[in-house]
Amino acid sequence: MSKPQEVIHSRIWEEVPEADNPFAAAACYCSGYDVYGDVLGQASWIEYLYLLFKGERPSPGQARLLEILAIALTNPGPREASVHAAMCGGVGGATHAACLMAALAVGAGQLGGAHEVARALCIWQACGQDLPAWREYLQHPPVEERADIWLPMEHPPGFDPHGASCAAPVRRTLAALADCGVVGALGWLHEHRAALEATAGCPLAMSGVAAAAMIDLALDSDQAEMLYLWLRLPGAAVHALEQKGYGWRRFPFFADGLELVDDPGTPS
Amino acid sequence: MRGPEALFASEDHWVTSMGAWFPQRGAILRGKAVFEDFQELSWMGLLLYAITGRVFDENQMRLFEGMWKLCANYPDPRIWNNRVAALAGTARSTATLGISAATAISESTIYGFRAVIRCIDMLYRFQQQLEQGMDLTTLVQQELEIHQGIFGYGRPIKQKDERIAPMLALAQELGYAGGAHIRLAFAIEDVLLSKRWRWRLHINIAALLAALAADQGLSCREYYRFMIPCFAGGMFPCHIDAIDQTEGTLFPLRCTRIVYNGAARRRWHTP
């Protein structure tokens, strides 16, 4: 008896082959919906995105929430580290994939990045909408006994350690998301923002708003991290292309910005 | 509130002792001139100096190079990180993208760089706790209970790790096979094999390499950083092989190889 072929298991995707080629799909189904025969032309991009992650169509409120979140996150702007990384690729003429990989690598981090969102989600999962529990968590964050690829957090997840006050885009995004009609974390965060900021010692950041939105979309921390990673890629892409056009002469090098404190001096 | 003071202080002002490039003159790396001070140093020596700020002797360098050479270069495209390099080849992407992505996915948990750092961290923790009078069996038991596993022991595919013997032979030749962390790594294996655990777990190469690195004084993070390029020797052949063969032919999957177990077929009705 021949060994059974190894297979890919999926709850998301099913394909039906073309009659003349078993390696070409005639129909593709996403969580039961015919993508090219039914979804295409009827669903919005945001509805399809939600379906991919959740396996079900979003309610109108959930679709609105995800759409507002996507717009808020899609371009962090050229000063932000992940976009800056992509521009470093673009200005040097790197491949476009490399620019996006640079944005992903930097934007994965724990300061404004995707892993911070995942860590912030952990607070939501531990504390829910319990203000004293949040205070306790923020004042005495759990300490991991083991060393890890990720460094220990240097600031409360979801808050901006360099912020003077909560920035207007963060406040406006939170207000818009809290107004979507999805009852949950966002409304609570909107109501208790000042108290949480006082405990954290720094203002709420966009990553903190995104984490609350992910909670209201019922995403787990892995899904939230993934979604946040690539919702921010469009900005990285266009700024990388833009800097490719401007060229390296017009891109900051920080020519006078580096101070070497351990210079052995010019050899004699 | 902490505020933006740190940003004001560092605007156009990055203070470093790591190094810099000076046009016409060359580069400084951790207080040494790259053109003048590294002439006798191998690439491995330079890399270790860049990571640790320390210069290692010839024997140590042979050991570190052996750790890469003997233990991490399997040119097999079925292995996940190598497969990424090979998929990049079969899909006709670039070598840089393929190798970079393959390296990035090597930062995984059940093998690769998370296992690397967790392993050396565990050896250091155990060593410290043993010095405080704790018992090794108890430590192993706690590790298994708290973390549902023990990094560096057991293997998903095969029990015995064929890399142990050649690596140990090199360590013996260089006089590094009897260090405190090597002894600890094998003592842990003895505990795992002698007690009535759910699984009998043999030592794998991750624990041996971590022990060798710990005996050379590398910190957890120094060792993790040192290991990052270690799989490259296996990745390049996989990428090249896929490039040399007909495009798109690396392990093609027919539609029916996706076994679907999600929601039943349904219609998308727009209200």
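Here is the naming used below: chain letters follow the sequence lines, and residue numbers restart at 1 for every chain. Quick caveat, the model's predicted, so the values are computed rather than measured.
Note: F254(A) CZ to H13(B) NE2 = 13.5 Å, rounded to the nearest 0.5 Å. With rounding to the nearest 0.5 angstrom, the CD atom of E145(A) is 8.5 Å from the CD atom of Q142(B). Between the CD1 atom in I117(B) and the CZ atom in R146(A) there is a gap of 11.5 Å [rounded to 0.5 Å].
Only the side chain of E143(B) has a heavy atom closer than 4.5 Å to any heavy atom of chain A. Neither the backbone nor the side chain of F35(B) comes within less than 4.5 Å of any heavy atom in chain A. Heavy-atom distances place both the backbone and the side chain of L253(B) under 4.5 Å from chain A. Of the atoms belonging to F251(B), not a single heavy atom falls under 4.5 Å from chain A. If you measure heavy-atom distances from R221(B) to chain A, the contacts under 4.5 Å come from the side chain alone. Proximity to chain A is limited to the backbone of A264(B), based on heavy atoms less than 4.5 angstrom apart. Both the backbone and the side chain of A101(B) come within contact range of chain A, judged by heavy atoms closer than 4.5 Å.
Comparing A43(A), A94(A), A200(A), A97(A) by heavy-atom pairs within less than 4.5 Å of chain B, the highest count is held by A43(A). For the set R118(B), R125(B), H269(B), the entry with the most heavy-atom pairs within less than 4.5 Å of chain A is R118(B). Between chain B and the residues L258(A), T95(A), I149(A), V261(A), the most heavy-atom pairs under 4.5 angstrom are made by I149(A). Most heavy-atom pairs under 4.5 Å with chain A, from the set S93(B), G262(B), A104(B), A20(B): that is G262(B). Considering only heavy-atom pairs separated by less than 4.5 Å from chain A, the leading option among E107(B), M122(B), R265(B), K32(B) is R265(B).
Residue M153(A) qualifies as enclosed at atom CE: its count of foreign heavy atoms under 6.0 Å is above 12. The neighbour count for R249(A) CZ, taken as heavy atoms of other residues, nucleotides or ligands under 6.0 Å away, does not exceed 12. Within a 6.0 Å radius of CZ in F226(B), more than 12 heavy atoms belonging to other residues, nucleotides or ligands are found. For CZ of F251(A), the number of neighbouring non-hydrogen atoms (other residues, nucleotides, ligands) closer than 6.0 Å is greater than 12. Residue R64(A) places its CZ atom among 12 or fewer non-hydrogen atoms of other residues, nucleotides or ligands, all under 6.0 Å distant. Sparse packing is recorded around NE2 of H96(A), with 12 or fewer heavy atoms of other residues, nucleotides or ligands lying under 6.0 Å away. Residue-environment remark: CD (E6(A)) stays at or below the threshold of 12 foreign heavy atoms within 6.0 Å.
In this structure a side-chain-to-backbone donor-acceptor pair under 3.5 Å is missing from R257(B) to I8(A). Checked by atom type and distance alone, the side chain of R114(B) never pairs as donor or acceptor with a backbone atom of W150(A) at under 3.5 Å. With Y224(B) contributing its side chain and D148(A) its backbone, the two residues share no donor-acceptor pair below 3.5 Å.
Qualifying side chain to side chain donor-acceptor pair (under 3.5 Å) partners for R11(A), counting only residues two or more places apart in sequence or in other chains: none. Evaluation of the salt bridge (Lys or Arg N to Asp or Glu O under 4.0 Å) rule for D215(B) yields no partner, not counting sequence neighbours.
Contacts from residues 12-25 of chain A to chain B, taken as heavy-atom pairs separated by less than 4.5 Å, involve I12(A), W13(A), E14(A), E15(A), V16(A), P17(A), P22(A), F23(A), A24(A), A25(A) in sequence order. Using a 4.5 Å cut-off between non-hydrogen atoms, the part of residues 98-105 of chain A that approaches chain B consists of A98(A), M101(A).
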Should I258(B) and V7(A) be marked as a side-chain contact (heavy atoms from CB on, under 4.5 Å) after you check the CA-CA gap, both sets of side-chain angles, and the distance that decides it? CA-CA 6 Å; I258(B) 301 171; V7(A) 297; over 6 Å; no

Report the C-alpha distance between R266(B) and R57(A) in whole Å, list the side-chain angles of each, state the deciding distance to 0.1 Å, and finish with yes or no for side-chain contact (heavy atoms from CB on, under 4.5 Å). CA-CA 12 Å; R266(B) 46 190 168 168; R57(A) 292 176 64 168; over 6 Å; no

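Considering every non-hydrogen atom in both P264(A) and I28(B), the closest pair reads CD-CG2, 3.6 Å. In this structure, D262(A) and S17(B) approach most closely via the heavy-atom pair CB-CB, 3.9 Å. Of all non-hydrogen atoms in H147(B) and E144(A), the two that sit nearest each other are CE1-OE2, 4.5 Å.
Of the charged side-chain nitrogens involved, at least one lies within less than 4.0 Å of a carboxylate oxygen, so that R267(B) and D38(A) count as a salt-bridged pair.
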